[in-house]
Trainee: 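Right, I'll just put the structure down here and ask away after.
Reminder, nothing fancy here: chain letters follow the sequence lines and each chain counts from 1.
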Amino acid sequence: MKALVQCFVYVGKIGDKYIAVLIDEKERVVSLSLPRGSEGVAVDEAKSLAPIELSFKFRSEMDPFIRRVGREVVEFIMSYLKGEEPKLTFKLNSDGLSSFTRKVLSVVSSIPRGFVTCYGCVAKVVGNQKASRAVGNALARNPWPIIIPCHRVVRGDLTLGGYRGGLELKRKLLRIEGVAVTPTGRVLPAHFLRTELLSELSQGSRKAF
DNA sequence: TCGACTATTTGTT
DNA sequence: AACAAATAGTCGA
């Protein structure tokens, strides 16, 4: 049974795009959308990425603290897209995630800026080499895109794989981080993080949640 | 070497 | 039971 969580919807604007952020009563971020062309699309996406059942409060009930968190999240993304390395100033609500998804997201969050790894590598680190497809599945529903850098996971043959926000955005994000992508959509081997190294890094890194 | 295609595999809905 | 942001393998240009 999914828990029912009271939630606020914050919508911010980055350039001409909208980004929706779902925030619970403990001021934790439940999920967020990628920058989208319309407010409605952004909100729908954020809702669909939340792994728990939600009930929504009206915007007018949104207290200043919730609004502050919303702004912090949008500023984080904005700063990120400018090529900066913002720090997390807010908490994530990971309730409702399966233990598998939790492990996957944790490993992915330990991939350093400027590197990529592959679905199969992540699968191996979380304990089942054959679960590469399930890893893709989990990443496709990453509740915190960009913040948890699922764009740093590509296919084992160094082609890009997929991205919820489209391959153009995946390219752009990697480029911002200094990862070269060829016109045909290949990542250079120099940026590739092998399983052993990824495993080491994920052990060393503090748990994301 | 590359693309097209197949069989196999896993966690989630 | 069906799906998905995969992979390793084969086969024929």
Trainee: Pick out which of A:Leu201, A:Val153, A:Leu197 makes a side chain to side chain contact (heavy atoms under 4.5 Å, CB included) with A:Ile111.
Mentor: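 Answer to the side chain to side chain contact (heavy atoms under 4.5 Å, CB included) test with A:Ile111 among A:Leu201, A:Val153, A:Leu197: A:Val153.
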Trainee: Within this structure, what is the CD-to-P distance between A:Gln129 and C:dA6, rounded to whole angstrom?
Mentor: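 Rounded to whole Å, this separation is 16 Å.
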Trainee: Nearest-Å distance, CG (A:Asn137) to P (B:dT10)?
Mentor: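 Spelled out: CG on A:Asn137 to P on B:dT10 is 14 Å.
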Trainee: Could you tell me whether A:Phe100 contacts a base, only the sugar-phosphate backbone, or nothing, with contacts defined as non-hydrogen atoms closer than 4.0 Å?
Mentor: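 The answer is sugar-phosphate, as A:Phe100 gets under 4.0 Å only of primed atoms, P, OP1 or OP2.
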Trainee: Please determine if A:Lys47 forms a cation-pi arrangement with A:Phe56, meaning its NZ or CZ atom is less than 6.0 Å from the six-membered ring centre and no more than 45° off the ring axis.
Mentor: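 Positive - A:Lys47 is close enough to the ring of A:Phe56 and near enough to its axis.
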Trainee: Expressed in angstrom and rounded to an integer, what is the separation of A:Arg186 atom CZ from B:dT1 atom P?
Mentor: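 Between P of B:dT1 and CZ of A:Arg186: 11 Å.
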Trainee: Using purine N1 to pyrimidine N3 plus N6-O4 or O6-N4 for Watson-Crick, or N1-O2 and O6-N3 for G-U wobble, both under 3.5 Å, which nucleotide pairs with C:dA5?
Mentor: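 The answer is none; no pair meets the criterion.
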Trainee: Examine distances only and state if a side-chain atom of A:Asn142 and a backbone atom of A:Ile148 form a donor-acceptor pair shorter than 3.5 Å.
Mentor: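 It does hold such a pair.
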Trainee: Starting from C1' on C:dT7, measure out to NZ on A:Lys124 and report it in whole angstrom.
Mentor: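 Going from NZ in A:Lys124 over to C1' in C:dT7 covers 13 Å.
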Trainee: Which nucleotide, in any strand shown, forms a Watson-Crick or G-U wobble pair with B:dT9, with both distances under 3.5 Å?
Mentor: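 Paired with no nucleotide.
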Trainee: Distance check needed: B:dG11 C1' versus A:Arg133 CZ, whole Å only.
Mentor: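 Roughly 12 Å, once rounded to whole Å.
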Trainee: Among A:Arg141, A:Arg36, A:Lys17, which residue satisfies the salt bridge (charged side-chain N to carboxylate O under 4.0 Å, His left out) criterion with A:Glu45?
Mentor: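 Single pass found, and it is A:Arg36.
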Trainee: Rounding to an integer number of Å, can you tell me how far A:Asp157 CG sits from C:dA5 C1'?
Mentor: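 Computing the A:Asp157:CG to C:dA5:C1' distance gives 13 Å.
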Trainee: Atom CG of A:Leu160 to atom P of C:dA5: distance rounded to whole Å?
Mentor: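 In whole Å, C:dA5 P and A:Leu160 CG are 14 Å from each other.
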Trainee: Do A:Tyr119 side-chain and C:dA5 base share a donor-acceptor contact under 3.5 Å?
Mentor: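 A donor-acceptor contact between them is present.
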Trainee: Measure the distance from CZ on A:Arg155 to P on C:dA6 and round it to the nearest whole Å.
Mentor: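 So the two atoms are 6 Å apart, to the nearest Å.
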Trainee: Do the side chains of A:Arg68 and A:Glu27 get close enough for a salt bridge, i.e. N-O under 4.0 angstrom?
Mentor: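 Looking at A:Glu27 together with A:Arg68, the answer is yes, because their closest N to O distance falls below 4.0 Å.
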Trainee: Classify the nucleic acid contact of A:Asn128 as base, sugar-phosphate or nothing, counting any heavy atom under 4.0 Å across all strands shown.
Mentor: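 Here A:Asn128 touches the backbone only, sparing every base.
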Trainee: Could you tell me how far C:dA4 sits from B:dT9 if I compare only their C1' atoms? Round to whole Å.
Mentor: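 Rounded to whole Å, the distance is 12 Å.
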Trainee: Checking all strands, does A:Ala140 fall into the base, sugar-phosphate, or nothing category for heavy-atom contacts under 4.0 angstrom?
Mentor: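 Base, at least one base heavy atom under 4.0 Å.
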